[in-house]
There are 2 protein chains.
Amino acid sequence: MRENHNSLNQILVKLFNDILKIEEKFLCRGEFKSLTMSEFHIIENIGIGEGKTMSETAKALKITSGTLTTGIDNLVKKGYVFRKRSTEDRRKVLIKLTEKGENAYNEHYKFHEEMVADTLQEIPKDEEEVLIRALFNVDRYFKKKYKL
Amino acid sequence: MRENHNSLNQILVKLFNDILKIEEKFLCRGEFKSLTMSEFHIIENIGIGEGKTMSETAKALKITSGTLTTGIDNLVKKGYVFRKRSTEDRRKVLIKLTEKGENAYNEHYKFHEEMVADTLQEIPKDEEEVLIRALFNVDRYFKKKYKL
DNA sequence: CCCAATTACTTTGATAATCAAAGTATATAC
DNA sequence: GTATATACTTTGATTATCAAAGTAATTGGG
């Protein structure tokens, strides 16, 4: 029992750092070298589709709207995002991916998908289901306990 | 199959962001409010015991030694760490936790332990083993594939 | 033994991410 | 119609980070 706790603790810490570094290393290069991880994060969060407001997006990313403003400023400069005032409520700003932005989104998505596909290949089929169920439990529990 | 990949993808992204924010929110307060997450990370990595060198620690944290130097500067100022030249090789600097540093280390450790304990409580015993094995596989695979 | 190359660390100069608080414009409510 | 609330941006500050240059100690030929 205690044994398991220690293992899980250690492996989680390791996996965490490793995944962060992998993403950074393999994503921010090639076509999208000019993008930082935070910017990829913002792009991932805006997603394909109808456009989100600033506050919605800031809340989802758990950053202040001031921080998001400068992030979006840069992404607009770099041509990945555009702003558009909402017509129904002119205080609101809708942000939306340009075509270039959608390409970056897809790249990010593909990277994750490959990482997951490669990884699942390594573990037996029956463990796969358990892993996914366990992770969902973990997340549900976190949300409840820490009121995210 | 494809279904599983998508689920795992989404849940991993969510878990990641959530855990990062939880740590930040719950750790950097109270007695250790003056510590940032990066500083907690450094402390975690130095650990209890005989003292690590700068380069060892920088490598483990996957940051440059310049970055670590400023990190340690701050931790020394705040009283969590002290430096000591190695006597056998006077180029080397050994860093070691002060008593205050060890308290912070234990706090961090306890936080992780509780998080894991709480979480494992939520999943059935037989899934627990599978989860841990799966995560070890994932990490092993990452190291191989991405040459960490 | 000495000097060239290597290693270990620090410093410097630059950039990015972040926050809190103040500022601006629009909407809502009484 | 004004006061309050909401949505966003700006400002000023701090922290984390890197690459490259600098300093000091060690090591390995000759």
Side-chain angles (χ1 to χ4, degrees), chain A residues 16-17 20-21 23-25 27-29 32-46 51-78 80-96, chain B residues 16-17 20-21 23-25 27-29 32-46 51-78 80-96:
Chain A
F16 245 72
N17 296 334
L20 287 175
K21 298 291 176 178
E23 275 218 325
E24 201 168 329
K25 193 166 161 193
L27 214 45
C28 308
R29 60 181 44 205
F32 305 108
K33 190 160 50 195
S34 78
L35 285 172
T36 64
M37 274 316 292
S38 314
E39 287 169 346
F40 257 117
H41 243 140
I42 296 174
I43 287 173
E44 182 191 26
N45 220 282
I46 297 176
K52 306 238 165 79
T53 66
M54 291 294 286
S55 21
E56 247 178 354
T57 309
K59 191 175 169 191
L61 289 165
K62 297 184 182 69
I63 57 180
T64 64
S65 42
T67 301
L68 185 59
T69 293
T70 62
I72 295 293
D73 285 349
N74 292 329
L75 285 170
V76 169
K77 267 189 219 130
K78 294 180 185 173
Y80 290 92
V81 171
F82 64 95
R83 286 181 164 98
K84 190 168 174 305
R85 283 260 161 213
S86 160
T87 45
E88 349 160 327
D89 184 342
R90 294 187 31 69
R91 289 171 305 181
K92 290 184 181 169
V93 169
L94 299 171
I95 47 184
K96 206 166 163 333
Chain B
F16 245 72
N17 297 333
L20 287 176
K21 298 291 175 178
E23 275 218 323
E24 202 169 326
K25 193 167 162 193
L27 215 45
C28 308
R29 61 181 43 207
F32 304 109
K33 191 158 52 194
S34 78
L35 285 172
T36 65
M37 274 315 292
S38 314
E39 288 168 345
F40 256 117
H41 244 139
I42 296 175
I43 287 173
E44 182 191 27
N45 219 284
I46 297 176
K52 305 238 164 81
T53 67
M54 291 294 287
S55 21
E56 248 177 354
T57 308
K59 191 174 170 191
L61 289 165
K62 297 184 182 69
I63 58 180
T64 64
S65 41
T67 300
L68 185 59
T69 293
T70 61
I72 295 293
D73 285 349
N74 292 329
L75 285 171
V76 169
K77 266 188 221 130
K78 294 180 185 173
Y80 291 91
V81 172
F82 64 94
R83 286 182 164 99
K84 189 167 173 308
R85 284 261 160 210
S86 160
T87 44
E88 349 159 329
D89 184 342
R90 294 188 31 71
R91 289 171 306 179
K92 291 185 180 168
V93 169
L94 299 171
I95 47 184
K96 205 164 164 337

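For the helix from C:dC1-D:dG30 to C:dC30-D:dG1, the angle separating the two terminal helix axes comes to 10°, with each axis derived from five pairs and the value rounded to 10°.
Across the protein-nucleic acid pair, B:Ile43 atom CD1 and D:dA16 atom C1' stand 16 Å apart, rounded to whole Å. In this structure, A:Met54 places its CE atom 13 Å from P of D:dA7, rounding to the nearest Å. In this structure, A:Lys92 places its NZ atom 14 Å from P of D:dT9, rounding to the nearest Å. A straight line from CD1 of B:Ile95 to C1' of C:dT10 spans 14 Å, rounded to a whole angstrom. Following rounding to the nearest Å, B:Leu68 (CG) and C:dT11 (C1') show an atom-to-atom distance of 14 Å. The CG-P distance, from A:Asp73 to D:dT11, rounds to 11 Å in whole Å. Rounding to whole angstrom units, CZ of residue B:Arg85 and P of D:dT23 are separated by 15 Å. Look at NZ on B:Lys52: it is 17 Å from P on C:dA8, rounded to the nearest Å.
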Under the side-chain contact (heavy atoms from CB on, under 4.5 Å) criterion, do B:Arg85 and B:Leu94 qualify, and how do the steps go? CA-CA 6 Å; B:Arg85 284 261 160 210; B:Leu94 299 171; over 6 Å; no

Quick one: do B:Leu35 and B:Ile43 satisfy side-chain contact (heavy atoms from CB on, under 4.5 Å)? Show the steps, please. CA-CA 10 Å; B:Leu35 285 172; B:Ile43 287 173; 3.9 Å; yes

(message) If you apply the rule side-chain contact (heavy atoms from CB on, under 4.5 Å), what do you find for B:Leu68 with B:Glu56, and how did you get there?
(response) CA-CA 11 Å; B:Leu68 185 59; B:Glu56 248 177 354; over 6 Å; no

### Query
So B:Ile72 and B:Ile46, side-chain contact (heavy atoms from CB on, under 4.5 Å) or not? Walk me through it.
CA-CA 11 Å; B:Ile72 295 293; B:Ile46 297 176; 4.2 Å; yes

Show each protein N/O and nucleotides 16-22 of chain C N/O combination with a separation under 3.5 Å, one pair to a line.
residue	atom	partner	partner atom	Å
C:dA17	OP1	A:Thr36	OG1	2.3
C:dA17	OP1	A:Ser38	OG	3.2
C:dC19	OP2	A:Thr64	N	3.0
C:dC19	OP2	A:Thr64	OG1	3.1
C:dC19	OP2	A:Thr67	OG1	2.6

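Along DNA chain C, the nucleotide nearest to B:Thr69 and the one nearest to A:Arg90 differ in position, and the one closer to the 5' end is contacted by B:Thr69.
Look at A:Arg83 and you'll find a side-chain N or O under 4.0 angstrom from OP1 or OP2 of D:dT9. For the OP1/OP2 pair of D:dT6 and a distance below 4.0 Å, the side-chain nitrogens and oxygens of A:Arg91 include no atom meeting the criterion.
Taking only side-chain atoms of B:Asp89, from C-beta outward, the nucleotide of C:dA27, D:dT26, C:dC9 with the closest atom is D:dT26. Picking from D:dA25, D:dT9, C:dA27 the nucleotide with the shortest atom distance to the side chain of A:Val93 gives D:dT9.
Using a 4.5 Å heavy-atom cutoff, the side chains of B:Asn74 and B:Thr36 are not in contact. Taking 4.5 Å as the limit, every side-chain heavy atom of B:Leu61 sits out of range of all side-chain heavy atoms of B:Glu44.
For NZ of A:Lys52, the number of neighbouring non-hydrogen atoms (other residues, nucleotides, ligands) closer than 6.0 Å is greater than 12.
With hydrogens and angles ignored, the 3.5 Å screen pairs a side-chain donor or acceptor of B:Lys78 with a backbone N or O of B:Ser34.
Relative ring orientation between A:Phe32 and A:Tyr80 is described as tilted, the plane-to-plane angle lying within the 30° to 60° band.
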